[in-house]
Amino acid sequence: MLELGYKHLGREGSDNGYRRQLDLLSIMDFEAFFRHMEPYDSFDDYPFPYLYKILANRIPGAKFILTTRSTADVWADSVISEFNRKK
């Protein structure tokens, strides 16, 4: 998304903004969470798969990209690999 010119907030290379998002969600401060999102154009990974319906209502015209895996086992292997990589 960065290469396309979006101001992106993700886990990789973020300014700890991603960590701040998760902290706000953990205390269920949803309004602060959405305020924290305002400067950004795009996001990835958790927690957005769980919030897309809320986001679609709050941000008319928002676009969502759904990626899929061929099987649940392939998806699980990918998740495990990612968590192991991140320790």
Legend entry - Sub-4.5 Å side-chain heavy-atom contact between Tyr52 and Leu66: no

What pairs of donor and acceptor atoms, side-chain ones from residues 68-77 against any protein atom, are under 3.5 angstrom apart with sequence neighbours left out?
from: Arg69; atom 1: NH2; to: Ser78; atom 2: OG; distance (Å): 2.9
from: Thr71; atom 1: OG1; to: Asp73; atom 2: N; distance (Å): 3.4
from: Thr71; atom 1: OG1; to: Val74; atom 2: N; distance (Å): 3.1

Inset, instruction - Check the hydrophobic clustering (I, L, V, M, F, W, Y; side-chain heavy atoms under 4.5 Å; chains of links allowed) and say if Ile65 and Ile54 are grouped together. - result: no

Legend entry - Spacing of CG belonging to Leu9 relative to CG belonging to Asp41, to within rounding of 0.5 Å: 11.0 Å

Inset, instruction - Quick one: pull up CG in Asn57 and CG in Leu51 and give me the separation to the nearest 0.5 Å. - result: 12.0 Å

Legend entry - Side-chain cluster (under 4.5 Å, hydrophobic types only) that Met1 belongs to, other residues: Leu4, Tyr6

Legend entry - With sequence neighbours excluded, residues passing side-chain hydrogen bond (donor to acceptor under 3.5 Å, both in side chains) with Arg58: Glu31

Inset, instruction - Indicate the atoms forming the closest heavy-atom contact of Phe43 with His8, along with that distance. - result: C-CE1, 3.5 Å

